[in-house]
*Asks:* 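Pasting a structure below so you can have a look.
The basis for the numbers below is simple: all heavy atoms, side chains too, and nothing from hydrogens, waters or symmetry mates.
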Amino acid sequence: MMNQYVTLMKISMKTNGWRSALGAAVILSACTGGEIEAQDSLRVWKNLQGREIKATLVSVSGGEVQLKLENGALSKVLMATLSIPDQTFVRQSMGNGAATAVKSPAPVSLAWPAAITINPKAFDITTGEQNAAKREYVYNSGSFRYIAKAPLSGTVMREVAADFELARQFMVQLPWGWLPQPKDGGNYKVYLTETLQDFIDLGGTDTSSAGSKDDYVFIKFSTLGLKKVGARYAFDPRDRTEGEVMSMTIRLLIDDMRALMQSWSALGLEQFTRKVAYHKGALKLSKLETSLKTTIAEDSRTKPDVNRMMDYFHLAKKDTRADVLKIRVENHFDSVMLFYFFGYLDGDGKGTRLHEYYRAIAQESLGWRAFRE
């Protein structure tokens with residue numbers, strides 16, 4: 001049945017003009033004229049707000065600087081948003097007599113990264129304010145600031161932080177040039193709630209296990225696999241809600257790129273990662289058909305419907321929002337199927353067009369972020 005469905009899905013999509021949506025993104029990402037060639041050396045770049053990335057200079061055109069990141073992805077930034085020393089470096093590299101030797105850049109590999117894992121022991125947890133009166137206990141990992149409603153040991157916090165850091169590693173290693181950064185330049189905020197009332201106070205409901213706002217996510221202790229043993233909390237991976245942290249964290253990391261994305265491609269990225277690619281603390285990004293079949297079989301609330309998916313793909317964003325549970329369930333399900341189709345079946349079967357689509361979004365988002373700042 002799965003093979004018949006996939007065949008029907010491919011035929012339906014090919015005959016209904018779906019390729020044109022990604023075709024525009026391909027054209028957009030290809031229009032990147034340049035005035036210089038790539039520099040050999042990887043260097044630290046800084047913008048006017050002090051944010052830093054490591055990258056190699058590729059080209060300059062129309063006031064935009066194209067950089068090749070450590071993971072091989074290409075990103076564009078407005079030259080005017082770079083620090084003054086970096087702007088001087090770019091001008092020198094454009095031919096003022098001080099440019100270093102250059103060579104043509106190697107093409108970016110538009111392919112899924114290998115399986116991604118995180119070792120909880122590999123990163124440090126630093127302890128911030130511990131305010132018993134307010135029930136606010138602050139901890140920090142590499143990219144996230146956690147505000148817990150009860151004290152947690154460093155060992156437990158490393159286990160809790162692992163999936164959050166895994167989600168960020170996933171975003172950075174994708175060939176899209178996405179560099180998630182909080183708006184305030186600090187760490188992403190994550191609220192860890194001990195009681196149902198804590199959760200509801202942040203905007204949750206008694207039927208949900210996690211939620212998000214514009215610049216933070218909040219999640220229940222029980223969802224994370226935390227349970228009380230005596231006076232302290234312990235971590236048990238068997239008790240956590242599988243993949244919940246992944247979807248919430250990716251929603252947070254997408255940030256203002258969401259405004260540039262079709263609804264299915266934002267929701268699909270979240271739900272596919274959670275339901276298909278994630279398993280027991282690791283992300284697998286190849287040979288996922290068995291996992292997809294399991295996801296389909298386990299969802300008793302809906303089933304594949306090609307016509308419904310085609311309708312969802314073409315809906316305007318305002319028409320995809322619904323308070324009706326059945327519609328939300330169908331949108332979640334269909335977004336996973338669409339993401340799998342474009343990422344593993346369409347065209348060359350390697351997800352090339354999907355990668356080009358997300359890369360185009362990343363480049364557009366960099367320009368929008370610079371304008372906003």
*Asks:* Leu226, Leu202: one ILVMFWY side-chain cluster at the under-4.5 Å cut-off?
*Replies:*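 Not linked; separate clusters.
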*Asks:* Between Pro113 and Leu174, what is the shortest heavy-atom contact and its length?
*Replies:*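 Here Pro113 and Leu174 meet closest at CD-CD2, 4.0 Å.
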*Asks:* Going by the rule salt bridge (charged side-chain N to carboxylate O under 4.0 Å, His left out), which residues pair with Arg240 if we only count those two or more places apart in sequence or in a different chain?
*Replies:*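 Counting only residues at least two positions away or on another chain, Arg240 forms a salt bridge (charged side-chain N to carboxylate O under 4.0 Å, His left out) with Asp163.
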*Asks:* Look up atom NZ in Lys293 and atom CD in Glu298, then write down how far apart they are to the nearest 0.5 Å.
*Replies:*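 It is 14.0 Å, given to the nearest 0.5 Å.
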*Asks:* Using the ring pair (Phe, Tyr, Trp, His ring centres under 6.0 Å) definition, which of the options Tyr358, Tyr357, Trp264 pairs with Phe342?
*Replies:*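 By the ring pair (Phe, Tyr, Trp, His ring centres under 6.0 Å) criterion, Phe342 pairs with just one of Tyr358, Tyr357, Trp264: Trp264.
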*Asks:* Measure across Ala210 and Ile219 and return the closest heavy-atom pair with its distance rounded to 0.1 Å.
*Replies:*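 Smallest interatomic distance, heavy atoms only, reads CB-CG1, 3.7 Å.
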*Asks:* Tell me, please, which residues at least two apart from Ser222 pass side chain to side chain contact (heavy atoms under 4.5 Å, CB included).
*Replies:*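 Per chain and number, Ser222 pairs via side chain to side chain contact (heavy atoms under 4.5 Å, CB included) with Lys220.
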*Asks:* Can you tell which of Leu192, Thr241, Thr193 makes a side-chain contact (heavy atoms from CB on, under 4.5 Å) with Thr223?
*Replies:*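 Filter result, single survivor: Thr241.
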*Asks:* Under the ring pair (Phe, Tyr, Trp, His ring centres under 6.0 Å) rule, what pairs show up with a residue in residues 230-258, not counting sequence neighbours?
*Replies:*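 Non-adjacent pairs meeting ring pair (Phe, Tyr, Trp, His ring centres under 6.0 Å): Phe221-Tyr233.
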*Asks:* Are Ile147 and Tyr137 packed together at the side-chain level, in the sense that at least one heavy-atom pair is separated by less than 4.5 angstrom?
*Replies:*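 Sidechains of Tyr137 and Ile147: no contact.
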*Asks:* Side chain of Tyr344, backbone of Leu285: donor and acceptor closer than 3.5 Å?
*Replies:*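 Flag set: sc Tyr344 to bb Leu285 pair under 3.5 Å.
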*Asks:* Give a yes or no answer on whether the side chain of Ser265 reaches the backbone of Gln262 with a donor-acceptor pair at less than 3.5 Å.
*Replies:*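 Flag set: sc Ser265 to bb Gln262 pair under 3.5 Å.
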*Asks:* Which value, rounded to the nearest 0.5 Å, describes the distance between Ile250 atom CD1 and Asp255 atom CG?
*Replies:*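 CG of Asp255 is found 14.0 Å from CD1 of Ile250.
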*Asks:* Please report the shortest heavy-atom distance between Ala111 and Pro175, naming the atom on each side.
*Replies:*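 Smallest interatomic distance, heavy atoms only, reads O-CG, 3.4 Å.
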*Asks:* So does Val138 get a backbone contact from the side chain of Gln130, meaning a donor-acceptor N/O pair under 3.5 Å?
*Replies:*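 Judged by distance alone, yes, a pair lies under 3.5 Å.
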*Asks:* Between atom OG1 of Thr294 and atom NE2 of His279, what is the distance when rounded to the nearest 0.5 Å?
*Replies:*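 Going from the OG1 atom of Thr294 to the NE2 atom of His279 covers 9.5 Å.
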*Asks:* State, yes or no, whether a side-chain contact exists between Ile53 and Val44 at a heavy-atom distance under 4.5 Å.
*Replies:*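 Of all side-chain heavy-atom pairs linking Val44 with Ile53, none is under 4.5 Å.
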*Asks:* I need the minimum non-hydrogen distance between Leu82 and Asp86, along with the two atoms involved.
*Replies:*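 Taking every non-hydrogen atom into account, CB-CB, 4.0 Å.
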*Asks:* Looking at every heavy atom in both Arg168 and Leu253, which two are closest together, and how far apart are they?
*Replies:*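 Looking at all heavy atoms of both residues, the closest pair is CA-CD1, 3.6 Å.
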*Asks:* Quickly, which of Lys275, Met337, Lys303 forms a side-chain contact (heavy atoms from CB on, under 4.5 Å) with Ile296? Name it, please.
*Replies:*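 Single side-chain contact (heavy atoms from CB on, under 4.5 Å) partner of Ile296 among Lys275, Met337, Lys303: Met337.
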*Asks:* Is there side-chain contact between Asp305 and Phe333, with heavy atoms separated by less than 4.5 Å?
*Replies:*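 Asp305 vs Phe333: side chains apart.
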*Asks:* Residues two or more places apart in sequence or in another chain: which of them pass salt bridge (charged side-chain N to carboxylate O under 4.0 Å, His left out) with Arg251?
*Replies:*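 Partners of Arg251 by the salt bridge (charged side-chain N to carboxylate O under 4.0 Å, His left out) criterion, ordered by chain and then number, come out as Glu270.
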*Asks:* Verify the distance criterion only: is there a donor paired with an acceptor across the side chains of Thr207 and Thr205 at less than 3.5 Å?
*Replies:*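 Yes - a donor-acceptor pair under 3.5 Å links their side chains.
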*Asks:* Any chain of hydrophobic side-chain contacts (each under 4.5 Å) joining Tyr191 to Leu224?
*Replies:*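 They do not share one cluster, since no chain of ILVMFWY contacts under 4.5 Å joins Tyr191 to Leu224.
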*Asks:* Output yes when a side-chain donor or acceptor of Ser212 lies under 3.5 Å from a complementary backbone atom of Val217, and no otherwise.
*Replies:*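 Looks like no, no N/O pair under 3.5 Å.
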*Asks:* State plainly whether one hydrophobic cluster holds both Met171 and Tyr188, where clusters connect Ile, Leu, Val, Met, Phe, Trp and Tyr through side-chain heavy atoms under 4.5 angstrom apart.
*Replies:*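 Yes; Tyr188 is reachable from Met171 via cluster members.
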*Asks:* Is any NZ, NE, NH1 or NH2 atom of the basic residue among Asp348 and Arg353 found under 4.0 Å from an Asp or Glu carboxylate oxygen of the other?
*Replies:*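 No.
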*Asks:* With no hydrogens and no angle check, just 3.5 Å: does a side-chain donor-acceptor pair link Thr302 and Glu330?
*Replies:*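 There is no such pair between these side chains.
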*Asks:* Checking side chain to side chain contact (heavy atoms under 4.5 Å, CB included) for the pair Arg145/Val190: CA distance, chi angles, key distance, verdict?
*Replies:* CA-CA 6 Å; Arg145 180 171 182 258; Val190 179; over 6 Å; no
*Asks:* Residues two or more places apart in sequence or in another chain: which of them pass side chain to side chain contact (heavy atoms under 4.5 Å, CB included) with Val229?
*Replies:*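 Here the qualifying residues are Ala234.
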*Asks:* Under the side chain to side chain contact (heavy atoms under 4.5 Å, CB included) rule, collect the residues that match up with Asp239, sequence neighbours excluded.
*Replies:*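 Side chain to side chain contact (heavy atoms under 4.5 Å, CB included) list for Asp239, sorted by chain: Lys227, Asp236.
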*Asks:* Given Tyr312 and Leu267, is the side chain to side chain contact (heavy atoms under 4.5 Å, CB included) satisfied, shown in steps?
*Replies:* CA-CA 12 Å; Tyr312 177 49; Leu267 186 60; 3.6 Å; yes
*Asks:* Using 30° and 60° as the class boundaries, would you call the ring planes of Tyr146 and Phe164 parallel, tilted or perpendicular?
*Replies:*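 Perpendicular, since the angle between the ring planes exceeds 60°.
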*Asks:* For the residue pair Gln271 and Arg274, establish whether any side-chain heavy-atom pair is separated by less than 4.5 Å.
*Replies:*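 With C-beta onward as the side chain, the pair touches.
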*Asks:* Just how far is it from atom NE2 of His355 to atom CH2 of Trp176, taken to the nearest 0.5 Å?
*Replies:*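 That separation rounds to 7.0 Å.
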*Asks:* Go through the steps to decide whether Leu74 and Leu69 satisfy the test side chain to side chain contact (heavy atoms under 4.5 Å, CB included), and finish with yes or no.
*Replies:* CA-CA 6 Å; Leu74 294 177; Leu69 309 180; over 6 Å; no
*Asks:* Would Met248 end up clustered with Tyr216 when hydrophobic side chains under 4.5 Å apart are linked, directly or stepwise?
*Replies:*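 Hydrophobic grouping puts Met248 apart from Tyr216.
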*Asks:* Please examine the side chains of Leu57 and Trp45, heavy atoms only from C-beta on, and report whether any two atoms are closer than 4.5 Å.
*Replies:*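 Result yes, sub-4.5 Å side-chain heavy-atom pair found.
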*Asks:* Would the distance check show the side chain of Glu165 and the main-chain N or O of Gly142 forming a donor-acceptor pair, the cut-off being under 3.5 Å?
*Replies:*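 Side chain of Glu165 to backbone of Gly142, a donor-acceptor pair under 3.5 Å: yes, one is there.
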*Asks:* Test Asp198 against Arg135 for side chain to side chain contact (heavy atoms under 4.5 Å, CB included), laying out the working first.
*Replies:* CA-CA 10 Å; Asp198 295 334; Arg135 293 179 60 234; 2.8 Å; yes
*Asks:* In terms of side-chain heavy atoms, does Ser75 have a donor or acceptor partner in Arg359 at a distance below 3.5 Å?
*Replies:*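 Note: Ser75 and Arg359 side chains miss the donor-acceptor criterion.
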*Asks:* Can you tell if the side chain of Thr117 reaches within under 4.5 Å of the side chain of Leu166, non-hydrogen atoms only?
*Replies:*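 In short, these two side chains do not touch, never coming nearer than 4.5 Å.
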*Asks:* Quick one: are Thr273 and Leu283 in side-chain contact, heavy atoms under 4.5 Å?
*Replies:*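 Yes, their side chains come closer than 4.5 Å.
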*Asks:* Is there a path of hydrophobic side-chain contacts, each under 4.5 Å between heavy atoms of I, L, V, M, F, W or Y residues, that connects Val156 with Ile125?
*Replies:*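 They do share one cluster, since a chain of ILVMFWY contacts under 4.5 Å joins Val156 to Ile125.
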*Asks:* Could you pull out the closest heavy-atom pair between Phe199 and Ser208, with the gap in Å?
*Replies:*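 Closest pair (atom of Phe199, atom of Ser208, distance): CE2-OG, 3.2 Å.
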*Asks:* Please round to the nearest 0.5 Å and tell me the distance separating atom CG of Leu196 and atom CG of Asp206.
*Replies:*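 Output value for this atom pair is 6.0 Å.
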*Asks:* Is it true that a side-chain atom of Glu194 and a backbone atom of Ala148 form a donor plus acceptor pair closer than 3.5 Å?
*Replies:*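 Not a single qualifying donor-acceptor pair exists.
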*Asks:* State the OG-NE2 distance between Ser247 and His332, to the nearest 0.5 angstrom.
*Replies:*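 That separation rounds to 7.5 Å.
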*Asks:* With a 4.5 Å limit on heavy-atom distance, are the side chains of Leu354 and Tyr340 in contact?
*Replies:*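 No, their side chains stay 4.5 Å or more apart.
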